[in-house]
Asker: 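Starting off with a structure, shown below.
Each residue takes its place number in the sequence, starting with 1. Quick note: numbers below take in every heavy atom, side chains included, and nothing from hydrogens, waters or symmetry partners.
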Amino acid sequence: MKKQSLVEQLQQLKNQNRFNLFDSEKRNFYLYDVFSQNLYPLNREIYDFFISENVRSYKKEEESKIKEFLDYLSKWNGQIQYSELKETHLTINLSSKCNLNCSYCYRDKKYKNEMSLEKAFEIIDYADKYYKTNNNEIVFSIDMTAEAFLDKEKIKDLYKKILDYKKHQKMRLWFMSNGTRLTDDYIELIKQMPINPFWVSLDGPEKVHDANRKYYNGKGSFNDVIDNIKILQENNINIKISCVLTSNYPYPDKLFNYLKSLNVQGIQICPVRNGCEVSLTKESLEIVKESYVKLFEQLYIEIMKKDFSSVKLLKEDFILQTFLILFNRIRQSGRCTWGQEAVVDAQGNMYPCLYVIGNKKYLLGNINEKKNAKAFLHRITVNDRKKCQSCWARFLCGGTCHYNSIISKNSEFEVDDIECELRMFLITESINMIIKLMEKGADLNEFAIVLKS
């Protein structure tokens, strides 16, 4: 009867879809638990019991250890608790114009609207008085759908306005630049504000970058971007690179090592969104995974040598997301800030994501309504997505990009299959690498400190 209760207790825990078992090259066994966000070494008896659920006779000592472990796991639950965000992000879409004609751009290129400075001031005032109360800091993202410095005078005036508000509310600006228009005046503006680090889009070596990031006359933008990166660095401005991974060059390891050679301060390799000619396919995904295996091996070798240079560069990339979550014992409850933040267009209309601007289905409201964010922001968590609910990796992943899901499944609550497969692969590889590092005696504490710094 007692043995049956152990089986029942195990089955109850398994029904929560929370475990995944791993074994190592040394034939050691580990259990990952989604609720406690921990990786547990298992002795042979506990591992066998999890696999077989066998009611064979255990020695009293073995049975006691099994019960102790099951009781410990039973203390954890899957309830999501939200903590107050230290930052409140509000994206001001100052302009839909752009000097580049990128092949994978998601914006409507026929839409050439610009926001007036007066409307931008209205948005700042709305954010300060109505959008969210008791903010620690409001971060304004500028022109994520176009070149950030198309109008430096407007940016200057906007910054002055924000400085006025900073007397009682902490505010700052954040930019992403395509790196093509950084004249001396812009360099001085970056230093004056200051914007450090400064994010620049670069998709890899010249042929790779120019395949997708061209001017409207068909000329590639690579040489201009590289020249401007050098100028920024000469002016002691730290550069971080955002790189788009596409099906026409599905090699994240090669992209990373090229970008690392530019002596930048950070690198993000972002898989291209759905719905364009260079989106990832099932065939290109297999090449991407093979390339990521090489990058994981490179990271492993470097960490064993106490070389954390690549870790420092990739701290904000999703290849290290699983490590960061496990080291911090946190739960990734959602894919992004969809349902937490808003993007504002030139008319003051608000949307949950840059990628759905103009789609009335996702219109949240207008700043003129002066509504508090609680009235229209609603988070979508992994527990709201049917496929995610039963996935053991859900709190390491957070689900797939909502825009990708809209394109492939016509719903932000569904899961995009390509991205899901890639993220599951990276999570599994990450856990296997943690196990390998532990068994080889690597200093995981130092790894964690570097990653969290």
Asker: Verify, without hydrogens or angle tests, whether Lys26 (side chain) and Glu439 (backbone) share a donor-acceptor contact under 3.5 angstrom.
Answerer: yes
Asker: Check the side chains of Asp71 and Gln9 for a donor-acceptor pair under 3.5 angstrom, ignoring hydrogens and angles.
Answerer: yes
Asker: Is Gln11 atom CD crowded by more than 12 heavy atoms from other residues, nucleotides or ligands, each under 6.0 Å away?
Answerer: yes
Asker: Ignoring hydrogens and angles, state whether a donor on the side chain of Asn212 or Ser103 is under 3.5 Å from an acceptor on the partner side chain.
Answerer: yes
Asker: Ser247 and Thr281: side-chain donor and acceptor closer than 3.5 Å?
Answerer: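 Distance-only check fails for Ser247 and Thr281.
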Asker: Does Lys452 NZ have over 12 foreign heavy atoms under 6.0 Å away?
Answerer: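 It does: Lys452 NZ has more than 12 such atoms within range.
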Asker: Between the main-chain N or O of Ile287 and the side-chain N or O of Ser291, is there a donor-acceptor pair closer than 3.5 Å?
Answerer: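 Absent.
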Asker: With a 4.0 Å cut-off, would you call Lys59 and Glu45 a salt bridge?
Answerer: no
Asker: Answer yes or no: is there a donor N or O on one side and an acceptor on the other, between the side chain of Asn349 and the main chain of Asp345, under 3.5 Å?
Answerer: no
Asker: Strictly by modelled atom types, are Lys260 and Ser310 linked by a side-chain donor-acceptor pair under 3.5 Å?
Answerer: yes
Asker: Could you go through the side-chain contact (heavy atoms from CB on, under 4.5 Å) check for Met438 and Leu39 one step at a time?
Answerer: CA-CA 11 Å; Met438 287 193 302; Leu39 186 65; 4.0 Å; yes
Asker: Apply the side chain to side chain donor-acceptor pair (under 3.5 Å) test between Glu302 and each candidate in Lys306, Lys305, Gln298; give the one that qualifies.
Answerer: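 Of the listed options, the one satisfying the test is Gln298.
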Asker: Would you find a donor on one side and an acceptor on the other, under 3.5 Å apart, between the side chain of Arg423 and the backbone of Cys397?
Answerer: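 Yes, Arg423 side chain to Cys397 backbone: donor-acceptor pair under 3.5 Å.
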Asker: Could you tell me whether Lys371 atom NZ has more than 12 heavy atoms of other residues or ligands within 6.0 Å of it?
Answerer: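 Yes, NZ of Lys371 has more than 12 neighbouring heavy atoms, counting only those of other groups under 6.0 Å.
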Asker: Given the rule in the side-chain contact (heavy atoms from CB on, under 4.5 Å) test, do Asn359 and Ile406 qualify, once you have shown the distances and angles that lead to the verdict?
Answerer: CA-CA 12 Å; Asn359 188 333; Ile406 290 168; 5.6 Å; no
Asker: How are the rings of Tyr292 and Phe318 set to each other: parallel, tilted or perpendicular (split at 30° and 60°)?
Answerer: perpendicular
Asker: Under the side-chain contact (heavy atoms from CB on, under 4.5 Å) rule, what do Leu285 and Phe425 come out as? Steps first, then yes or no, please.
Answerer: CA-CA 10 Å; Leu285 183 59; Phe425 171 80; over 6 Å; no
Asker: Between Glu206 (side chain only) and Phe222 (backbone N and O only), is there a donor and an acceptor less than 3.5 Å apart?
Answerer: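 Flag not set: sc Glu206 to bb Phe222 has no pair under 3.5 Å.
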Asker: Here's a test for you: under ring-ring contact (aromatic ring centres under 6.0 Å, His included), which of Phe50, Tyr32, Tyr47 qualifies with Phe19?
Answerer: Phe50
Asker: Measure from the side-chain N and O atoms of Asn274 to the backbone N and O of Asn404, and report whether any donor-acceptor pair falls under 3.5 Å.
Answerer: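 Answer holds: yes.
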Asker: Got a donor-acceptor contact below 3.5 angstrom from the Gln233 side chain to the Ile239 backbone?
Answerer: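 Checking the backbone N and O of Ile239 against the side chain of Gln233, no donor-acceptor pair under 3.5 Å is found.
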Asker: Indicate yes or no for a side-chain donor-acceptor contact from Thr428 to the backbone of Met424 under 3.5 Å, with no hydrogens or angles considered.
Answerer: yes
Asker: Hey, is the main chain of Val272 close enough, under 3.5 Å, to the side chain of Thr246 for a donor-acceptor pair?
Answerer: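 No, the answer is negative, given that no donor and acceptor are paired below the 3.5 Å cut-off.
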Asker: Tell me whether the rings of Phe447 and Phe323 are parallel (<30°), tilted (30 to 60°) or perpendicular (>60°).
Answerer: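 Aromatic pair Phe447/Phe323 classed tilted.
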Asker: Is there a side-chain contact between Glu429 and Leu295 in this structure, where contact means two heavy atoms from C-beta onward sitting under 4.5 Å apart?
Answerer: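 Glu429 vs Leu295: side chains apart.
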Asker: Report the C-alpha separation of Glu421 and Glu286 in whole Å, then their side-chain angles, then the decisive distance to 0.1 Å, and conclude whether the side-chain contact (heavy atoms from CB on, under 4.5 Å) test is met.
Answerer: CA-CA 10 Å; Glu421 183 176 341; Glu286 293 307 311; 3.4 Å; yes
Asker: Mind checking whether Trp338 and Tyr362 have ring centres under 6.0 Å apart?
Answerer: yes
Asker: Would you check if there is a donor-acceptor pair between the side chains of Asn43 and Lys65 at a distance under 3.5 Å?
Answerer: no
Asker: Are Lys75 and Ser36 linked by a side-chain donor-acceptor pair shorter than 3.5 Å?
Answerer: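 Side-chain D/A pair, Lys75 to Ser36: absent.
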Asker: Just checking, is any N or O donor in the side chain of Thr180 or Arg213 under 3.5 Å from an acceptor N or O on the other one?
Answerer: no
Asker: Quick check against the 3.5 Å criterion: does Gln321 have a side-chain atom that pairs as donor or acceptor with the backbone of Leu396?
Answerer: yes
Asker: Looking only at side chains, do Thr381 and Asn383 share a donor and an acceptor under 3.5 Å apart?
Answerer: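 Looking only at side-chain atoms, Asn383 and Thr381 do not form any donor-acceptor pair under 3.5 Å.
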Asker: Could you tell me if Asp416 and Ser408 have a donor-acceptor pair between their side chains, going purely by distance under 3.5 Å?
Answerer: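 Yes, Asp416 and Ser408 have a side-chain donor paired with an acceptor closer than 3.5 Å.
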Asker: Is a donor from one side chain sitting under 3.5 angstrom from an acceptor on the other, for Asp33 and Tyr72?
Answerer: no
